[in-house]
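Just below is one structure, and these are the notes that go with it.
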Amino acid sequence: MLINKLEIFKKSFAGGDGRSLKVKKNIVWSFIFKAIDAVVYFLVVPATLGYLDKYTYGIWLAINSILLWINTFDAGLGNGMRNCLTISLAKNDNERSRIYISTTYFLLFVIASIAFATFFIVGNFIDWYALLKVDPHIVPNLKEVITYSFLFVCLSFVFKLIGNVYMSLQLPSVNFFFMAAGHLLSLFLILALRMFTSEGNLLWVGIAYTSAPCIIYVIASVITFFVLYRHLCPSIHLIKVKKYSKDLLNVGIGFFVIQITTLVIMSTSNVIISRLFGPDSVTPFNISNRYMAIVLMALNIVMAPIWSAVTDAWAKGDEAWVKLSVVKVRKISLVFGIVLLIMLAVSPFVYSIWVGNAVEIPFSLTTLMSIYVFILIWSTGQSSFLNGLGILKLQLYANVFEAVIFIPLAILFGELWGINGMVVAMILTNLPALITNTIQVNKITSHTAKGIWLK
């Protein structure tokens with residue numbers, strides 16, 4: 001009986017058209033790499049807490065939230081290139097593919113250079129100690145920590161485009177491999193610091209965290225363009241900003257605004273908590289978020305190959321494949337909701353093993369975080385189809401609305417109910433996108449979308 005079931009599963013997995021089979025294989029490999037990444041990510045937390053104290057680690061989390069903003073400075077170019085490149089690859093147009101890659105790399109380099117130069121000048125006028133409420137006696141070199149970290153993040157900002165290239169090739173599992181490798185290298189560097197230095201140093205931690213991904217992306221770019229996919233190698237002679245930047249930015253600007261509004265919630269949460277309750281309170285919030293976000297991470301693994309596959313299917317007129325995929329993704333989202341409930345039930349036991357007595361995490365905080373993550377799971381599942389189709393305007397409006405109301409709600413509820421109030425604000429601000437994304441996907445797949453629902 002068991003053998004028969006395994007045979008049925010094997011045939012089901014191996015069946016389907018070429019696009020579906022490619023999606024399935026990438027999902028499996030993505031889960032493998034992401035599982036490794038999750039284990040490494042979990043290990044990085046106690047490893048860093050063992051090197052830094054709770055106060056200094058909270059400072060690093062707040063700094064890292066600020067650094068996340070650099071990834072939005074690409075004006076959506078990475079995702080814009082992803083959609084454009086997927087279409088040109090579907091049409092076997094290698095020259096145009098190289099033009100898209102070359103032009104995007106150039107534009108990202110220009111943006112990163114301007115961003116770092118601006119930061120270097122403006123940073124001299126910012127009182128980082130006052131902004132993050134940090135004691136200068138505990139961290140005397142805070143400006144250096146932020147500056148060096150920002151430098152490596154800017155370099156990664158350019159070279160991480162290699163991940164978008166692989167996603168356009170419908171090989172997102174390779175991008176997950178790069179991410180896992182970067183975090184693994186970070187862990188090795190943190191462990192090396194614990195072995196060879198006598199006391200915690202926030203500067204070295206910042207460099208370890210931010211330089212590791214940069215190193216991996218550089219190595220990956222060299223291997224990709226000079227060994228594996230030489231026909232896609234970028235060239236200075238193929239940089240055509242005037243003619244092709246419009247293609248990249250037409251879709252890219254929408255992605256850019258959505259990224260910005262999403263990061264308002266993600267990155268400002270830690271900063272608001274640090275200012276309202278002190279750096280110590282950032283740690284339990286961040287740990288509960290990371291724990292519950294494991295399920296969201298799993299959904300992102302499933303959706304990663306779907307995005308570009310939808311672009312490919314729509315470009316080739318295969319609407320039936322898109323409709324079937326919508327149904328499957330919604331069923332998977334409900335399954336992930338059940339997994340969230342199980343994780344909530346065992347969370348006290350998991351926390352005791354993961355961080356021990358170093359951090360106390362209220363059950364109420366984890367409960368609210370599970371509700372927040374499920375909202376993201378369902379909404380993300382729907383938006384991946386819209387992203388693949390390049391239909392972004394309604395998403396953009398919903399996300400801008402969320403970004404506008406989040407900060408005042410976060411401060412209001414934070415003052416009323418503490419950290420729990422912050423999560424309540426996150427829940428309420430993400431509900432509009434869940435509703436509009438679901439309705440819009442229904443309208444598009446049923447051919448009833450008109451006006452803004454089709455833009």
Side-chain angles (χ1 to χ4, degrees), residues 26-49 57 61 64-65 68 172-173 175-184 186-187 209 213 262-263 265-267 269-270 282-307 329-356 358-384 419 422-423 426-427 430 434:
N26 268 273
I27 289 174
V28 171
W29 279 109
S30 296
F31 266 110
I32 293 172
F33 293 135
K34 206 61 181 176
I36 296 172
D37 190 30
V39 171
V40 172
Y41 217 53
F42 267 60
L43 293 174
V44 165
V45 174
T48 310
L49 279 171
Y57 182 61
L61 292 176
N64 196 43
S65 296
L68 284 174
S173 58
N175 187 48
F176 285 119
F177 168 76
F178 297 153
M179 295 168 64
H183 290 145
L184 185 60
S186 295
L187 176 61
Y209 268 93
T262 300
L263 272 180
I265 297 175
M266 290 178 60
S267 63
S269 298
N270 287 338
V282 177
T283 303
F285 173 86
N286 190 268
I287 289 176
S288 64
N289 190 13
R290 283 192 182 187
Y291 174 61
M292 281 300 173
I294 293 173
V295 184
L296 181 60
M297 177 185 68
L299 179 77
N300 286 333
I301 292 172
V302 175
M303 296 311 302
I306 293 291
W307 176 334
V329 167
R330 288 181 176 176
K331 290 180 179 178
I332 291 171
S333 297
L334 293 175
V335 171
F336 284 156
I338 296 173
V339 174
L340 278 173
L341 291 175
I342 297 172
M343 290 179 62
L344 175 62
V346 301
S347 59
F349 175 72
V350 174
Y351 290 149
S352 65
I353 296 176
W354 185 15
V355 294
V359 183
E360 182 180 351
I361 304 167
F363 187 77
S364 59
L365 176 62
T366 308
T367 301
L368 290 169
M369 197 66 74
S370 66
I371 297 172
Y372 165 68
V373 170
F374 180 74
I375 291 173
L376 292 184
I377 285 172
W378 187 272
S379 182
T380 300
Q382 305 310 298
S383 65
S384 291
I419 301 178
M422 289 287 302
V423 187
M426 292 161 65
I427 291 171
N430 278 277
L434 179 148

Query - Gap separating the CZ atom of F363 from the CG atom of L368, nearest 0.5 angstrom - result: 10.5 Å
**Report entry** Donor-acceptor under 3.5 Å (N289 side chain, F285 main chain)
**Finding:** no
Query raised in the report: Given the rule in the side chain to side chain contact (heavy atoms under 4.5 Å, CB included) test, do Y209 and V44 qualify, once you have shown the distances and angles that lead to the verdict?
Result: CA-CA 10 Å; Y209 268 93; V44 165; 2.8 Å; yes
Requested in this report: Answer yes or no: is there a side-chain heavy-atom contact under 4.5 Å between R290 and N286?
Outcome: yes
Query raised in the report: When rounded to the nearest 0.5 angstrom, what distance separates CG in L340 from CD1 in I294?
Result: 10.0 Å
Query raised in the report: Taking atom CE of M369 and atom CD1 of I427, what is their separation to the nearest 0.5 Å?
Result: 8.5 Å
Query raised in the report: For M343, does its backbone N or O pair with a side-chain atom of Y291 as donor and acceptor, under 3.5 Å?
Result: yes
**Report entry** Spatial distance of atom CD1 (I361) from atom OG (S288) [nearest 0.5 Å]
**Finding:** 6.0 Å
Report summary line: With F33 as partner, the option from F176, F178, F177 fulfilling ring pair (Phe, Tyr, Trp, His ring centres under 6.0 Å) is F177
Report task. Evaluate the side-chain proximity of S333 to L299: yes if any heavy-atom separation is below 4.5 Å, no if none is. Result -> yes
Report task. Please round to the nearest 0.5 Å and tell me the distance separating atom OG1 of T366 and atom CG of L344. Result -> 7.0 Å
Report task. Run the numbers on L434 and Q382 for side chain to side chain contact (heavy atoms under 4.5 Å, CB included), then give the verdict. Result -> CA-CA 8 Å; L434 179 148; Q382 305 310 298; over 6 Å; no
**Report entry** Nearest atoms (heavy-atom pairs only) where L187 meets A47
**Finding:** CD1-CB, 4.0 Å
Report summary line: CZ of F336 to CG of L296, rounded to nearest 0.5 Å, is 9.5 Å
Query raised in the report: Taking S379 for the side chain and L376 for the main chain, is one N or O donor matched with an acceptor at less than 3.5 Å?
Result: no
